[in-house]
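Just so it is clear, the values below take in all heavy atoms, side chains as well, and ignore hydrogens, waters and symmetry mates.
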2 protein chains.
Amino acid sequence: MTAPSARTPARERLLDAATDLFHSRGIAATGVDAVLRRAEVAPATLYAHFSGKDGLVAAYLERRFARWREAWDEALAACGDDVLARAVSVFDALATFPSNPGGGDPSAGDDARRGCAFLAAAVEIPGPEHPAHPWLLADSALLRDRLRQLASEAGAHDPDALAGELLALYDGALAARVRAGLLTGDARPVPFPARDLALAAVARHTA
Amino acid sequence: MTAPSARTPARERLLDAATDLFHSRGIAATGVDAVLRRAEVAPATLYAHFSGKDGLVAAYLERRFARWREAWDEALAACGDDVLARAVSVFDALATFPSNPGGGDPSAGDDARRGCAFLAAAVEIPGPEHPAHPWLLADSALLRDRLRQLASEAGAHDPDALAGELLALYDGALAARVRAGLLTGDARPVPFPARDLALAAVARHTA
DNA sequence: GTCTATACGGAGATAGAC
DNA sequence: GTCTATCTCCGTATAGAC
């Protein structure tokens, strides 16, 4: 631990603030001045590090994608050679993400309630011209390709079909968190056992 | 068909324009002036019918919720007494929605590519104070309550669990459309047979 | 690299006539 | 009910000093 006088560099603070705000309030609804205030950074400093708001959005999603892939890598490594566990490792990764290695804001607790950051950004970002678009694509491509590969390794008779089911469980689990957040105040929501359902799906596809 | 001189009332044109733009570009990213241009309506007319942008957003989601519920009602009615078909009727409704009874903009074809309008709005709308919040809640509550009821009618041993699986398939199917839209240019996406998977889930839960 | 101060455009909203 | 014209403020971005 360095002394508190050695502050986190402005670029990191900007990305941490952008992560919190863009994900919790939405990208378009969050002004750069809100990010600046949260990061305690002056406007000109933002434009010294990023091309503008679009560049900041792209950097935010780039970092999030890298961390998400790393979390999945670690979950995969923890599975060893167990092809069944590997096939459902995406749900282990989901349980530990985001781990907040840098920022560490306490409000990140309900981060999970906001669903998939990439799907949410896909709705807000107009077209392929946006500098953040490659990272939206990267997330969907990673999920599609890895789940297909893992389904194949697990011995699925139809890897594409199993991968599709696993992806639906993944997206369904994330959506369930958002819906649970909306319905607070009602009777507590039924927990959604995505990993168990995924294990059952793998079993069906390899029987 | 009425004569073209009898134009659709301004309020309807505003809601049609809001539906197109809010859903395809996002709510916060869409300015009221864009809605006004699309609807060919003057600013003051908007404020004569709605309290402001927030009121327009609420009215848009209210109407969308009503139409969605009607579509599901009709799909249910078409099932008759077949409890198995009724349990998966939400996917029949999904296949016919939105039917565009009023507006009828040709660009509504890729409307499906944008995922669930209520989940998307939930990410963009800050808190329960927003006038549109009740409609976000209504969508999740309708899905939860109806799916549970239908799962129970179908004879599921654990209606809550089956309802959760059906909801995951529903959200998974909508998310799959968004991901498919992102990955265009790649090999064509594998179609996601949500209704068939739902039928299988019902069968497992009633065996 | 980071700051203060400011320019500029667009977005939400209103006034008042028809 | 609908229009034209306008007002204000906020959000994005830049200029120039330290």
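Of the candidate nucleotides C:dC3, D:dT2, D:dT12, D:dT2 has the atom lying nearest to any side-chain atom of B:Ala48.
Between the CG atom of A:Leu36 and the P atom of C:dA5 there is a distance of 16 Å, given to the nearest Å. Distance, A:Phe50 CZ to D:dG11 P: 20 Å, rounded to whole Å. As rounded to whole Å, 12 Å separates atom P of D:dT4 from atom CD of B:Glu40. Nucleotide C:dT14 holds its C1' atom 16 Å from the CG atom of B:Asp33, rounded to whole Å. Between the NE2 atom of B:His49 and the P atom of C:dT14 there is a distance of 16 Å, rounded to whole Å. Atom CG in B:Leu56 sits roughly 15 Å away from atom P in C:dA11 (whole-Å rounding).
Counting only heavy atoms from C-beta outward, the side chains of B:Phe50 and B:Leu14 approach each other to under 4.5 Å. Using a 4.5 Å heavy-atom cutoff, the side chains of A:Leu46 and A:Leu56 are in contact. Contact annotation: the side chain of B:Val123 never approaches that of A:Arg25 to less than 4.5 Å [non-hydrogen atoms, C-beta and beyond]. Residues A:Arg86 and A:Asp82 have side chains not in contact (no heavy-atom distance under 4.5 Å, counting atoms from C-beta outward).
Within the structure, the side chain to side chain donor-acceptor pair (under 3.5 Å) test picks out the following pairs touching residues 125-143 of chain A (sequence neighbours left out): A:Asp54-A:His130, A:Asp139-B:Arg179, A:Ser140-B:Arg179.
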Could you list, one pair per line, each protein nitrogen or oxygen that sits under 3.5 Å from a nitrogen or oxygen of nucleotides 13-18 of chain D, together with the distance?
| unit_1 | atom_1 | unit_2 | atom_2 | d |
| --- | --- | --- | --- | --- |
| D:dA13 | OP2 | A:Tyr47 | OH | 3.1 |
| D:dA13 | OP2 | A:Lys53 | N | 3.0 |

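Distance alone, capped at 3.5 Å, is enough to place a donor-acceptor pair between the A:Arg114 side chain and the B:Ala122 backbone. Panel note: side chain B:Glu153, backbone B:Val83; no donor-acceptor pair is recorded below 3.5 Å.
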- B:Arg148 and B:Asp158: CA distance, side-chain angles, deciding distance, salt bridge (charged side-chain N to carboxylate O under 4.0 Å, His left out) verdict: CA-CA 9 Å; B:Arg148 184 159 47 190; B:Asp158 185 345; over 6 Å; no

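Within 4.0 Å (heavy atoms only), A:Ala34 reaches no atom of the nucleic acid at all.
Checked by atom type, the side-chain pair A:Arg11/A:Thr45 shows no donor-acceptor distance below 3.5 Å.
Within a heavy-atom distance below 4.0 Å of DNA chain D, no residue of residues 21-30 of chain B is found.
For the OP1/OP2 pair of D:dC3 and a distance below 4.0 Å, the side-chain nitrogens and oxygens of B:Thr45 include at least one atom meeting the criterion.
Each of B:Arg11 and A:Arg37 lies near DNA chain D, and the nucleotide nearest B:Arg11 is the one positioned closer to the 5' end.
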